[in-house]
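Each residue takes its place number in the sequence, starting with 1.
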Amino acid sequence: MEGYYCAYMMFEQFFNSPIKARLVKFFVYNHSKFFDIGDIAKRLELSPVKIKTHLKELKKAGFLKSKSAHSFSISYKFPYLNEVKALVLKFPPVSDEFLLQEAKKVGQIKLLIIAGVLVHAQKARTEIVIVGDRITEKKAERFLRSAEAQAGKELRYVLLTNEEFLYRKKMFDRFVLDVLELPHKKVINKLGI
(Lines give C-alpha, C1' and ligand atoms only; values in the text may rest on other atoms or scores of the structure.)
Protein backbone atom coordinates (compact mmCIF):
# COMPACT_ATOMS: atom_id res chain seq x y z
CA MET A 1 0.00 0.00 0.00
CA GLU A 2 2.89 2.34 0.79
CA GLY A 3 4.31 1.99 -2.75
CA TYR A 4 0.90 2.78 -4.23
CA TYR A 5 0.58 5.91 -2.06
CA CYS A 6 4.07 7.12 -3.13
CA ALA A 7 3.22 6.58 -6.80
CA TYR A 8 -0.05 8.48 -6.37
CA MET A 9 1.75 11.37 -4.66
CA MET A 10 4.23 11.51 -7.56
CA PHE A 11 1.31 11.70 -9.99
CA GLU A 12 -0.34 14.49 -7.97
CA GLN A 13 2.92 16.45 -7.84
CA PHE A 14 3.21 16.25 -11.62
CA PHE A 15 -0.03 17.55 -12.95
CA ASN A 16 -1.25 20.28 -10.65
CA SER A 17 -0.59 23.26 -12.95
CA PRO A 18 -0.30 24.27 -16.62
CA ILE A 19 3.20 25.62 -15.94
CA LYS A 20 4.32 22.25 -14.62
CA ALA A 21 2.81 20.52 -17.65
CA ARG A 22 4.81 22.84 -19.94
CA LEU A 23 7.97 22.11 -17.95
CA VAL A 24 7.43 18.35 -18.24
CA LYS A 25 6.89 18.73 -21.99
CA PHE A 26 10.02 20.91 -22.26
CA PHE A 27 12.22 18.30 -20.56
CA VAL A 28 10.73 15.41 -22.55
CA TYR A 29 11.53 17.21 -25.82
CA ASN A 30 14.93 18.45 -24.58
CA HIS A 31 16.12 15.49 -22.54
CA SER A 32 19.80 15.40 -23.38
CA LYS A 33 21.25 18.31 -21.40
CA PHE A 34 21.02 20.57 -18.36
CA PHE A 35 19.22 23.91 -18.54
CA ASP A 36 19.43 26.79 -16.09
CA ILE A 37 16.28 28.45 -14.79
CA GLY A 38 16.85 31.64 -16.80
CA ASP A 39 17.19 29.73 -20.07
CA ILE A 40 14.09 27.63 -19.36
CA ALA A 41 12.08 30.73 -18.46
CA LYS A 42 13.19 32.51 -21.64
CA ARG A 43 12.37 29.54 -23.88
CA LEU A 44 8.93 29.04 -22.31
CA GLU A 45 8.23 32.79 -22.03
CA LEU A 46 7.58 32.46 -18.31
CA SER A 47 8.90 34.26 -15.25
CA PRO A 48 11.86 32.51 -13.54
CA VAL A 49 10.07 33.07 -10.23
CA LYS A 50 6.99 31.20 -11.52
CA ILE A 51 8.93 28.14 -12.67
CA LYS A 52 11.40 27.80 -9.78
CA THR A 53 8.90 26.17 -7.39
CA HIS A 54 7.65 23.79 -10.08
CA LEU A 55 11.19 22.74 -10.96
CA LYS A 56 11.88 21.94 -7.31
CA GLU A 57 8.65 19.89 -7.12
CA LEU A 58 9.58 17.94 -10.26
CA LYS A 59 13.00 17.28 -8.76
CA LYS A 60 11.42 16.15 -5.48
CA ALA A 61 9.15 13.79 -7.47
CA GLY A 62 12.27 12.32 -9.09
CA PHE A 63 11.53 13.48 -12.64
CA LEU A 64 14.41 15.98 -12.69
CA LYS A 65 17.97 15.98 -11.43
CA SER A 66 20.17 19.01 -10.87
CA LYS A 67 23.82 19.99 -11.03
CA SER A 68 23.18 23.06 -8.91
CA ALA A 69 20.20 24.90 -7.43
CA HIS A 70 19.64 26.55 -10.82
CA SER A 71 20.46 23.83 -13.37
CA PHE A 72 18.09 20.95 -14.22
CA SER A 73 17.84 17.96 -16.54
CA ILE A 74 15.54 14.98 -16.89
CA SER A 75 16.36 12.04 -14.61
CA TYR A 76 16.64 8.73 -16.42
CA LYS A 77 16.19 7.01 -13.04
CA PHE A 78 12.59 8.24 -12.80
CA PRO A 79 10.54 5.01 -12.67
CA TYR A 80 7.70 6.32 -14.87
CA LEU A 81 9.82 8.12 -17.45
CA ASN A 82 8.66 6.04 -20.42
CA GLU A 83 5.03 6.46 -19.44
CA VAL A 84 5.41 10.24 -19.02
CA LYS A 85 7.16 10.48 -22.39
CA ALA A 86 4.39 8.43 -24.03
CA LEU A 87 1.75 10.66 -22.44
CA VAL A 88 3.47 13.87 -23.57
CA LEU A 89 3.94 12.55 -27.09
CA LYS A 90 0.28 11.49 -27.27
CA PHE A 91 -0.91 15.11 -27.23
CA PRO A 92 -0.10 17.78 -29.82
CA PRO A 93 2.78 19.99 -28.65
CA VAL A 94 0.82 23.10 -29.69
CA SER A 95 -2.94 23.34 -30.13
CA ASP A 96 -4.50 24.49 -33.40
CA GLU A 97 -6.47 27.09 -31.43
CA PHE A 98 -3.25 28.60 -30.09
CA LEU A 99 -1.68 28.67 -33.56
CA LEU A 100 -4.78 30.32 -35.06
CA GLN A 101 -4.84 32.92 -32.28
CA GLU A 102 -1.15 33.75 -32.74
CA ALA A 103 -1.50 33.72 -36.55
CA LYS A 104 -3.96 36.63 -36.33
CA LYS A 105 -1.13 38.78 -34.95
CA VAL A 106 1.11 38.01 -37.94
CA GLY A 107 -1.09 39.32 -40.76
CA GLN A 108 -2.82 37.86 -43.80
CA ILE A 109 -1.67 34.25 -43.64
CA LYS A 110 -3.02 32.30 -46.60
CA LEU A 111 -1.45 28.96 -45.70
CA LEU A 112 -0.08 27.73 -42.38
CA ILE A 113 1.37 24.22 -42.43
CA ILE A 114 2.73 22.42 -39.41
CA ALA A 115 4.92 19.33 -39.69
CA GLY A 116 7.63 17.39 -37.90
CA VAL A 117 7.39 17.33 -34.13
CA LEU A 118 4.19 19.40 -34.26
CA VAL A 119 2.36 16.45 -35.86
CA HIS A 120 4.46 13.76 -34.15
CA ALA A 121 6.38 12.94 -37.33
CA GLN A 122 10.05 12.03 -37.18
CA LYS A 123 10.96 13.18 -40.66
CA ALA A 124 10.42 16.80 -41.76
CA ARG A 125 12.24 19.57 -43.59
CA THR A 126 10.67 22.19 -41.30
CA GLU A 127 8.04 22.40 -38.59
CA ILE A 128 6.18 25.52 -39.74
CA VAL A 129 5.51 26.96 -43.19
CA ILE A 130 3.91 30.41 -43.28
CA VAL A 131 2.61 31.63 -46.64
CA GLY A 132 1.20 35.12 -47.10
CA ASP A 133 1.88 38.59 -48.40
CA ARG A 134 3.07 41.60 -46.43
CA ILE A 135 4.19 39.46 -43.50
CA THR A 136 7.36 40.78 -41.94
CA GLU A 137 10.18 38.53 -40.79
CA LYS A 138 9.88 40.12 -37.34
CA LYS A 139 6.20 39.13 -36.98
CA ALA A 140 6.92 35.62 -38.28
CA GLU A 141 9.75 35.21 -35.75
CA ARG A 142 7.49 36.43 -32.93
CA PHE A 143 4.94 33.79 -34.02
CA LEU A 144 7.69 31.16 -34.02
CA ARG A 145 8.88 32.12 -30.51
CA SER A 146 5.31 31.80 -29.18
CA ALA A 147 4.93 28.39 -30.81
CA GLU A 148 8.30 27.30 -29.41
CA ALA A 149 7.30 28.46 -25.92
CA GLN A 150 4.16 26.31 -26.11
CA ALA A 151 5.90 23.32 -27.69
CA GLY A 152 8.87 23.48 -25.34
CA LYS A 153 11.20 22.88 -28.26
CA GLU A 154 13.09 24.86 -30.89
CA LEU A 155 11.27 24.83 -34.21
CA ARG A 156 12.29 25.56 -37.79
CA TYR A 157 10.13 27.71 -40.04
CA VAL A 158 9.94 29.03 -43.57
CA LEU A 159 8.21 32.23 -44.65
CA LEU A 160 7.08 32.48 -48.29
CA THR A 161 4.92 34.90 -50.25
CA ASN A 162 1.80 33.52 -51.96
CA GLU A 163 3.42 33.95 -55.37
CA GLU A 164 6.68 32.30 -54.29
CA PHE A 165 4.92 29.29 -52.77
CA LEU A 166 2.60 28.74 -55.76
CA TYR A 167 5.50 29.14 -58.22
CA ARG A 168 7.66 26.66 -56.30
CA LYS A 169 4.76 24.19 -56.11
CA LYS A 170 4.13 24.53 -59.86
CA MET A 171 7.84 23.96 -60.58
CA PHE A 172 7.85 20.82 -58.37
CA ASP A 173 10.32 22.39 -55.97
CA ARG A 174 11.80 19.61 -53.81
CA PHE A 175 11.31 21.48 -50.52
CA VAL A 176 7.63 22.26 -51.18
CA LEU A 177 6.98 18.71 -52.41
CA ASP A 178 8.63 17.26 -49.29
CA VAL A 179 6.49 19.46 -47.02
CA LEU A 180 3.31 18.41 -48.82
CA GLU A 181 4.23 14.72 -49.15
CA LEU A 182 5.54 14.11 -45.63
CA PRO A 183 3.11 14.07 -42.67
CA HIS A 184 1.75 17.57 -42.10
CA LYS A 185 -1.36 19.49 -41.17
CA LYS A 186 -2.82 22.61 -42.77
CA VAL A 187 -3.97 24.83 -39.91
CA ILE A 188 -4.91 27.63 -42.33
CA ASN A 189 -5.57 26.87 -45.99
CA LYS A 190 -6.98 29.77 -48.00
CA LEU A 191 -5.05 28.71 -51.10
CA GLY A 192 -7.00 25.47 -51.52
CA ILE A 193 -3.85 23.33 -51.45
Which residues pass the side-chain contact (heavy atoms from CB on, under 4.5 Å) test with [X], sequence neighbours left out?
X: L100; value: V187, I188
X: S68; value: H70, S71
X: E83; value: Y80
X: A69; value: none

Please table the atom pairs, donor to acceptor, closer than 3.5 Å between any side-chain atom in residues 143-153 and protein atoms at least two apart or in another chain.
residue	atom	partner	partner atom	Å
R145	NH1	E148	OE1	2.8
R145	NH1	E148	OE2	3.4
S146	OG	E102	OE1	3.2
S146	OG	R142	O	3.3
E148	OE2	L155	N	2.8

What I'd like to find out is whether the side chain of [X] reaches to under 4.5 Å of the side chain of [Y], using heavy atoms alone.
X: K186; Y: H184; value: yes
X: I130; Y: V158; value: no
X: I40; Y: L46; value: no
X: R156; Y: I128; value: no

Quick one: closest heavy-atom pair of [X] and [Y], and the distance?
X: A124; Y: L182; result: CA-CD1, 4.1 Å
X: F63; Y: V84; result: CE1-CG1, 4.0 Å
X: S47; Y: A41; result: C-CB, 4.1 Å

Worked check of side-chain contact (heavy atoms from CB on, under 4.5 Å) between V131 and L191: CA-CA 9 Å; V131 178; L191 295 180; 4.0 Å; yes

For the [atom1] atom of [X] and the [atom2] atom of [Y], what is their distance to the nearest 0.5 Å?
X: D133; Y: T161; atom1: CG; atom2: OG1; result: 5.5 Å
X: L180; Y: F175; atom1: CG; atom2: CZ; result: 9.5 Å
X: T53; Y: K20; atom1: OG1; atom2: NZ; result: 9.5 Å
X: K59; Y: S73; atom1: NZ; atom2: OG; result: 12.0 Å
X: F165; Y: R168; atom1: CZ; atom2: CZ; result: 9.0 Å
X: D173; Y: E164; atom1: CG; atom2: CD; result: 9.0 Å

What donor-acceptor contacts under 3.5 angstrom involve side-chain atoms of residues 106-122, with partners at least two apart or in another chain?
residue	atom	partner	partner atom	Å
H120	ND1	L89	O	3.2
H120	NE2	L89	O	2.9
H120	NE2	F91	O	2.8

Remaining members of hydrophobic cluster (4.5 Å side-chain criterion), L177: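 For the cluster that includes L177, the remaining residues are F172.
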
Shared-cluster residues of Y167, by chain and number - hydrophobic side chains joined below 4.5 Å: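 Answer for Y167: M171.
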
Within 6.0 Å of CD in E154, more than 12 heavy atoms from elsewhere: no

Salt bridge (charged side-chain N to carboxylate O under 4.0 Å, His left out) pairs, two or more places apart, involving residues 25-42: D39-R43

Evaluation steps, side-chain contact (heavy atoms from CB on, under 4.5 Å), between K65 and F78: CA-CA 10 Å; K65 60 185 177 182; F78 184 65; over 6 Å; no

Sidechain N-carboxylate O distance under 4.0 Å for R174, E181: yes

Residues that K185 engages under side-chain hydrogen bond (donor to acceptor under 3.5 Å, both in side chains), provided they are two or more places apart: D96

side-chain hydrogen bond (donor to acceptor under 3.5 Å, both in side chains) against K138, all qualifying residues, sequence neighbours excluded: none

CA sep, side-chain torsions, deciding dist, call: E137, L159, side-chain contact (heavy atoms from CB on, under 4.5 Å): CA-CA 8 Å; E137 190 81 26; L159 173 62; 4.0 Å; yes

Residue among R125, K169, K123 satisfying salt bridge (charged side-chain N to carboxylate O under 4.0 Å, His left out) with D178: R125

side-chain contact (heavy atoms from CB on, under 4.5 Å) evaluation trace for Y157 with E127: CA-CA 6 Å; Y157 85 102; E127 281 80 30; over 6 Å; no

Sequence neighbours excluded - ring-ring contact (aromatic ring centres under 6.0 Å, His included) pairs with any residue from residues 28-48: F26-F35

Common cluster, L44/I74, ILVMFWY with side-chain heavy-atom separation under 4.5 Å: yes

